[in-house]
Number of protein chains: 4
Amino acid sequence: MSPRTEEQLIKHKAEKRKVITQAALKLFSEEGFQSTSISKIAKEAGVSKGLIYTYFESKEELLRFLILDTIDEMFGIAEVSLGINPTDESFEKMISDYFDWVQINRAFLQIYFGILMQPSVMKLFEKEIMAKAYNVFERMSVYFKNKGFEDPLSETRFFISILDGIYMNYIMDSENYPLAKAKSRILTMYLK
Amino acid sequence: MSPRTEEQLIKHKAEKRKVITQAALKLFSEEGFQSTSISKIAKEAGVSKGLIYTYFESKEELLRFLILDTIDEMFGIAEVSLGINPTDESFEKMISDYFDWVQINRAFLQIYFGILMQPSVMKLFEKEIMAKAYNVFERMSVYFKNKGFEDPLSETRFFISILDGIYMNYIMDSENYPLAKAKSRILTMYLK
Amino acid sequence: MSPRTEEQLIKHKAEKRKVITQAALKLFSEEGFQSTSISKIAKEAGVSKGLIYTYFESKEELLRFLILDTIDEMFGIAEVSLGINPTDESFEKMISDYFDWVQINRAFLQIYFGILMQPSVMKLFEKEIMAKAYNVFERMSVYFKNKGFEDPLSETRFFISILDGIYMNYIMDSENYPLAKAKSRILTMYLK
Amino acid sequence: MSPRTEEQLIKHKAEKRKVITQAALKLFSEEGFQSTSISKIAKEAGVSKGLIYTYFESKEELLRFLILDTIDEMFGIAEVSLGINPTDESFEKMISDYFDWVQINRAFLQIYFGILMQPSVMKLFEKEIMAKAYNVFERMSVYFKNKGFEDPLSETRFFISILDGIYMNYIMDSENYPLAKAKSRILTMYLK
DNA sequence: CATGAATGAGAGTTCATTCAT
DNA sequence: CATGAATGAACTCTCATTCAT
């Protein structure tokens with residue numbers, strides 16, 4: 001209606017994408033990606049079907065945006081907490097941050113784990129996710145190497161497997177899963 | 001194809017269900033349940049679309065059959081290996097059996113984990129899976145109790161989380177995942 | 001199994017056709033012709049799907065047989081009761097016979113009226129039904145001519161319309177429809 | 001096709017529904033409800049298959065709309081013509097109006113009578129039709145009561161049966177049925 | 001910038017009919 | 001004579017995507 005600066009336009013676009021993305025996040029986690037129609041997302045977001053195509057090229061691109069946007073945040077926790085010289089303190093901090101993050105981002109993780117299990121959908125992200133993941137592997141390996149592990153990369157993958165397993169079980173059965181115990185258990189395991 | 005003896009009919013039915021089920025297993029694991037059409041399954045199985053409905057009432061029932069049939073096998077490993085009085089030997093045997101089983105049943109596990117992450121699909125199995133799972137929890141708890149763990153149930157869920165996490169990561173990245181190392185690592189962790 | 005005379009074979013065939021026809025009659029009247037599958041008819045009749053095709057060439061031929069077989073009976077009532085020289089007594093008898101017949105053959109009439117209303121299905125019978133109907137028109141016209149009606153054919157068609165209307169309303173709302181009153185009313189109307 | 005004013009949208013919707021409804025009316029009357037596919041209706045209406053589902057939730061809802069919309073008009077004739085104090089003039093007017101209406105709405109009546117004969121389809125309308133019908137019964141009964149009939153309700157149902165029978169026979173055999181004679185006959189019957 | 005009517009491909013499912021047994 | 005497994009066309013309905021307004 002009124003002229004805006006380019007900055008305003010970009011901000012506006014980012015906000016609209018957020019609104020749509022949030023609606024999609026909720027629905028994808030409840031019904032799955034394939035079972036959620038663009039119509040439902042539009043209704044949930046309070047916009048028209050057509051508008052979604054102004055902000056995203058396709059339903060898949062919407063999913064890509066949703067995943068890649070948040071994946072950076074998720075993998076970023078490791079990077080930020082550990083830094084270049086990981087210590088026991090920073091390692092413990094990282095674990096703590098992840099447990100906090102998971103509880104807030106259950107819906108996202110549900111979609112994420114679901115995607116990991118579908119090669120045909122996973123193709124959309126494979127490169128990006130694997131690149132970021134291996135990046136994190138390396139960073140953590142430094143810590144395990146410092147701690148004297150013979151095969152730091154394998155230990156890294158074992159450690160991440162534990163986290164993934166815990167989060168997956170927590171998502172599936174949030175009410176009964178002993179998340180706090182799992183957290184202290186893994187802390188004891190690695191930090192004595 | 002009839003009249004035949006009833007025995008022949010039953011055998012034939014079981015065989016056909018197996019053929020269809022195997023085709024579905026392959027495709028579901030590659031594409032996911034929702035993205036796999038009955039047409040594709042029929043083509044893969046080498047039968048007509050309509051025939052699938054002679055053997056299964058619906059696409060969902062086909063999935064249920066596929067899952068529930070194999071889930072018994074999967075959960076059965078724990079029961080069989082551990083028995084009523086679990087020892088270190090039987091516990092080690094169970095872990096070993098699971099690692100073997102997982103390598104053979106990657107496709108199934110992929111579908112299984114995918115289902116766990118989709119509430120709308122999970123509804124089809126929730127009761128059966130949860131009942132069986134809690135059954136296994138109890139059985140394993142006996143072992144951890146014998147070993148002197150303060151909170152055996154939490155330890156059970158922690159232990160299972162580790163297994164789940166390992167298998168999930170293995171499925172996602174079979175070529176590079178250090179499965180053997182993960183196995184010896186978990187054995188060391190619990191059995192000295 | 002054992003050799004039979006040709007007569008026995010014919011009788012056997014007629015009996016089987018009757019069994020199948022009766023099952024179809026029940027289902028067609030409840031669900032309509034198009035909505036009743038051959039499978040359902042087979043189950044209701046206690047025979048296999050394939051067997052139905054031994055006795056009838058197609059689902060349509062089964063319907064044709066069902067309709068044409070009973071239509072003769074229905075139109076026959078007029079012929080038999082009226083005879084060549086219709087009197088008040090025979091006319092009254094005919095009305096009485098029709099009211100009796102209708103109560104026994106509600107299911108058939110329901111199908112019959114339904115068919116009359118669907119040109120595409122009606123095509124299967126048009127010739128036969130129309131021929132028989134016009135035959136009856138002529139026969140009744142004799143009675144109305146004898147009674148001095150100026151336009152006996154129109155009166156015939158009017159009279160038959162009344163019967164049809166009564167039966168249709170009776171079928172639709174059997175519990176509440178005053179069938180007995182309708183009968184005495186039409187008798188009074190024509191026989192003083 | 002939008003944004004438009006709400007008024008435009010409503011008008012557009014009503015027009016589209018009319019186009020689809022008219023196509024369906026034609027085909028249903030020729031082929032019957034069950035034998036007419038959505039594809040055929042779409043082709044006849046000159047729209048895509050999918051669009052029909054923008055305007056009607058299902059094929060059944062389309063039928064409901066088609067029937068209930070016109071049924072009001074049909075039963076309305078009695079109410080409007082008779083008014084609260086039915087006279088011979090208004091009764092004659094009603095009969096005349098019905099005969100006119102029937103000739104214009106042959107296609108509708110064909111569908112309507114067809115539906116009445118199929119319990120499984122009739123279920124969709126039973127309540128509405130029966131309620132409206134009994135409403136008309138009461139209104140007409142007033143006239144017959146005024147005319148001194150002992151059992152006005154039975155006479156009403158008899159009278160309506162005659163009309164139904166005439167219309168049904170007229171629809172089946174429009175070219176030869178003596179509709180005008182039937183009309184004068186029924187007028188003579190009740191109005192001397 | 002925003003709408004939702006419109007499309008058309010394809011989904012799951014049913015079913016009349018055939019035919020090896 | 002009798003069976004029901006097998007087929008394939010057709011059905012109702014859904015949905016990602018487009019585009020006139």
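Proteins come first, then strands; the chains are lettered A, B, ... in the order of their sequence lines, and each starts at number 1. The structure displayed is predicted, hence computed values, not measured ones.
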Between [N] atom [atom2] and [X] atom [atom1], what is the distance in whole Å?
| X | N | atom1 | atom2 | result |
| --- | --- | --- | --- | --- |
| B/Ile41 | E/dT13 | CD1 | C1' | 13 Å |
| B/Glu60 | E/dA11 | CD | C1' | 14 Å |
| C/Gln34 | E/dC15 | CD | C1' | 13 Å |
| C/Arg17 | F/dA2 | CZ | C1' | 17 Å |
| A/Lys43 | F/dA16 | NZ | P | 14 Å |
| A/Ile20 | E/dT3 | CD1 | P | 10 Å |
| A/Ile52 | F/dT18 | CD1 | C1' | 14 Å |
| B/Phe56 | E/dT13 | CZ | C1' | 16 Å |

Self-check item: Face-on cation placement of A/Lys59 at A/Tyr53 ring, 6.0 Å and 45° thresholds
Solution: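 Checked: cation-pi criterion not met.
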
Exercise. Tell me, yes or no, whether the heavy-atom count around C/Glu128 atom CD, taken from other residues, nucleotides or ligands under 6.0 Å, exceeds 12.
Key: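 More than 12 within 6.0 Å, yes.
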
Which nucleotide wins on minimum distance to the side chain of [X], given the candidates [options]?
| X | options | result |
| --- | --- | --- |
| B/Ser58 | F/dC13, E/dT13, E/dG4 | E/dT13 |
| A/Ser37 | F/dC15, F/dA10, E/dG4 | F/dC15 |
| C/Ile38 | F/dC13, E/dT17, E/dT13 | E/dT17 |
| D/Ser39 | E/dA16, E/dA5, F/dT12 | F/dT12 |
| C/Leu51 | F/dA5, F/dA2, E/dT14 | F/dA2 |

Self-check item: C/His12 NE2 to C/Arg17 CZ distance, which is reported to the nearest 0.5 Å
Solution: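 If I round to the nearest 0.5 Å, the distance is 13.0 Å.
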
Practice problem: Salt-bridge test for B/Glu44 and B/Lys40: reply yes if a basic N is under 4.0 Å from a carboxylate O, no otherwise. | Solution: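 Salt bridge absent between B/Glu44 and B/Lys40.
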
Quiz item: According to the Watson-Crick and G-U wobble definitions, with both distances under 3.5 Å, which nucleotide is paired to E/dA20?
Solution: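 Pair assignment: E/dA20 / F/dT3.
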
Quiz item: According to the Watson-Crick and G-U wobble definitions, with both distances under 3.5 Å, which nucleotide is paired to F/dC15?
Solution: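 When the pairing criteria are applied, E/dG8 turns out to be the nucleotide that pairs with F/dC15.
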
Exercise. Assign each of D/Thr54 and C/Phe33 to its nearest nucleotide of DNA chain E by heavy atoms, then name whichever residue's nucleotide is nearer the 5' end.
Key: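 Taking each residue's closest nucleotide, the earlier one in sequence belongs to D/Thr54.
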
Practice problem: Report the residue (C/Glu57 or D/Ser48) whose heavy-atom-nearest nucleotide on DNA chain E is the more 5′ of the two. | Solution: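 On the 5' side of the pair lies D/Ser48.
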
Self-check item: Trace of the ring pair (Phe, Tyr, Trp, His ring centres under 6.0 Å) decision for B/Phe65 with B/Phe56
Solution: CA-CA 9 Å; B/Phe65 181 81; B/Phe56 300 96; 5.5 Å; yes

Exercise. Let me know, please, whether D/Gly50 or B/Val47 comes out on the 5' side of the other along DNA chain F by nearest nucleotide.
Key: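 Final value for this comparison: B/Val47.
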
Name the nucleic acid region contacted by [X], choosing base, sugar-phosphate or nothing; use a 4.0 angstrom heavy-atom cut-off, strictly under.
| X | answer |
| --- | --- |
| C/Ser35 | nothing |
| C/Tyr55 | sugar-phosphate |
| B/Lys16 | sugar-phosphate |
| C/Lys49 | base |

Quiz item: Does D/His12 have a side-chain nitrogen or oxygen under 4.0 Å from the phosphate oxygens OP1 or OP2 of E/dA6?
Solution: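 For E/dA6, OP1/OP2 do have a side-chain N/O of D/His12 under 4.0 Å.
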
Practice problem: For F/dT14, take OP1 and OP2 only and decide whether either is under 4.0 Å from a side-chain N or O of D/Tyr53. | Solution: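 The answer is no; no side-chain N or O of D/Tyr53 sits under 4.0 Å from OP1 or OP2.
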
Self-check item: Residue from A/Ile20, A/Ile111, A/Thr70, A/Ile41 passing side-chain contact (heavy atoms from CB on, under 4.5 Å) with A/Leu25
Solution: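 Single side-chain contact (heavy atoms from CB on, under 4.5 Å) partner of A/Leu25 among A/Ile20, A/Ile111, A/Thr70, A/Ile41: A/Ile111.
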
